[in-house]
Amino acid sequence: MANAGASGRETSDEEVRSFAKFLGAVLPEDEDLLWIAKEALTTPLPPGWSEHVSSKGEVYFYNEQSDESTHKHPLEEHYSSLFKEHKARRQQDAGGNAGAGTAAGHQESSKAQDDSAIEYVRVSPDEIVEFAAYYGADPRVHWWALRVIRQALLTPLPGGWREVVDRHGQEYYYHEQLDQSTRTHPVDSYYRPRITNAINQGPQPEDSAWMVFVSRGGAFVYHN
């Protein structure tokens, strides 16, 4: 994500189209998915991260808490996966293979994918439902907010934080350098208002009640 901008800055059409190609877009075929590239370029960085330009003019990202620097955007995996999943869903719908869901509300496509094409971040529907409950959202009522909730789930913990399970099986978060523990997710202050705002705004054109996942075998799974 070398050309990604942070802090909600404006981006040019050229930047958006260039980054869409980086995500795998074939233009003009994928014009309807340019919103993903634009969101990736304008979404604020996760807490603890900042964007910088080196003396060579290269963009990199720095985490002050962990003293880590990288050319890879902290949310690159999320937006790369999001783009591929939306494209896969569109191709599936165009091919007329979506069909009716099972009683569990999901459908697995019959066509397995080549191992080389499986680059999706694996996250299950149950994980998203659990995370939605954590943020006070009902997946069946606030389905349009699941895209932001999924992003929150895929966002890495800020530098120095790790997830721990106590002797009662309850999860909490611990920062070894600060010797600080909390039951509240470290990115709560960033995502909770975004999720609340998404719920209040209602469905957007890019939102869908269907989400695409990848099974262990590499096939697409559609879940409603």
Side-chain angles (χ1 to χ4, degrees), residues 1-12 15-16 18-24 35-85 118-124 127-128 130-132 134-137 145-166 170-198 214:
M1 236 184 195
N3 296 322
S7 303
R9 67 170 174 83
E10 291 295 324
T11 58
S12 67
E15 285 180 293
V16 172
S18 175
F19 191 67
K21 292 179 181 178
F22 172 81
L23 292 176
W35 65 268
I36 297 176
K38 184 174 182 179
E39 181 176 308
L41 290 169
T42 57
T43 295
L45 294 170
W49 288 94
S50 56
E51 181 181 347
H52 304 271
V53 179
S54 70
S55 58
K56 296 180 180 180
E58 298 177 338
V59 175
Y60 68 95
F61 303 90
Y62 176 69
N63 188 305
E64 185 176 3
Q65 293 179 325
S66 62
D67 194 26
E68 172 190 0
S69 62
T70 175
H71 289 287
K72 183 177 180 180
H73 193 289
L75 295 177
E76 179 178 323
E77 288 186 349
H78 165 70
Y79 283 107
S80 178
S81 179
L82 185 66
F83 176 83
K84 292 170 185 175
E85 290 170 357
I118 302 172
E119 301 175 356
Y120 298 84
V121 177
R122 298 185 187 277
V123 56
S124 71
E127 287 177 298
I128 292 183
E130 182 180 347
F131 220 56
Y134 174 80
Y135 282 109
L146 295 182
R147 182 167 59 88
V148 183
I149 292 172
R150 185 176 191 170
Q151 180 179 335
L153 177 60
L154 293 175
T155 297
L157 289 170
W161 287 97
R162 59 188 175 92
E163 188 174 329
V164 184
V165 178
D166 65 21
Q170 300 296 314
E171 296 177 351
Y172 68 97
Y173 304 92
Y174 177 69
H175 195 294
E176 187 171 358
Q177 294 177 333
L178 301 177
D179 192 23
Q180 178 182 347
S181 62
T182 176
R183 297 284 181 183
T184 303
H185 196 285
V187 298
D188 261 14
S189 60
Y190 175 76
Y191 277 108
R192 193 170 291 278
R194 288 172 61 85
I195 293 171
T196 300
N197 185 55
V214 180

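- Under the 3.5 Å distance criterion, the side-chain polar atoms of Tyr190 are matched with a main-chain donor or acceptor of Pro44.
- Counting only heavy atoms from C-beta outward, the side chains of Val165 and Tyr172 never approach each other to under 4.5 Å.
- Expressed to the nearest 0.5 Å, how far CZ of Arg183 lies from OH of Tyr173 amounts to 10.5 Å.
- Nearest approach of Gln180 to Trp161, heavy atoms of both residues: O-CZ3, 3.8 Å.
- The neighbour count for Glu130 CD, taken as heavy atoms of other residues, nucleotides or ligands under 6.0 Å away, does not exceed 12.
- Looking at Thr70 and Glu76, their side chains never come closer than 4.5 Å, going by heavy atoms from C-beta outward.
- Counting heavy atoms from C-beta outward, His73 and Leu45 have side chains that approach closer than 4.5 Å.
- In summary, of the residues considered (Tyr62, Phe61, Tyr60), a side chain to side chain contact (heavy atoms under 4.5 Å, CB included) with Glu51 occurs for Phe61 alone.
- When all heavy atoms are compared, the tightest approach of His52 to Ser50 is NE2-OG, 2.7 Å.
- Taking each heavy atom of Phe83 and Gly24 in turn, the nearest pair found is CE2-C, 3.6 Å.
- With rounding to the nearest 0.5 Å, the separation of NZ in Lys38 from OG in Ser12 is 10.5 Å.
- The side-chain heavy atoms of Glu39 and Trp35, taken from C-beta on, include a pair separated by under 4.5 Å.
- Residues Ile128 and Ile149 share a closest heavy-atom pair of O-CG2, 4.1 Å.
- To the nearest 0.5 Å, atoms CD1 (Ile36) and CG (Leu41) are separated by 12.0 Å.
- For the side chain to side chain contact (heavy atoms under 4.5 Å, CB included) test, residues two or more places apart in sequence or in another chain that qualify with Asp188 are Tyr134, Tyr135, Thr184, His185, Arg192.
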Discussion item. Pair Thr182, Tyr174 - check side chain to side chain contact (heavy atoms under 4.5 Å, CB included), show working.
Written reply: CA-CA 7 Å; Thr182 176; Tyr174 177 69; over 6 Å; no

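- In this structure a side-chain-to-backbone donor-acceptor pair under 3.5 Å is missing from His175 to Ser181.
- Between Phe131 and Arg150, the closest side-chain pair of non-hydrogen atoms is not below 4.5 Å.
- The two residues Val148 and Ala198 have their closest heavy-atom pair at CG2-CB, 4.1 Å.
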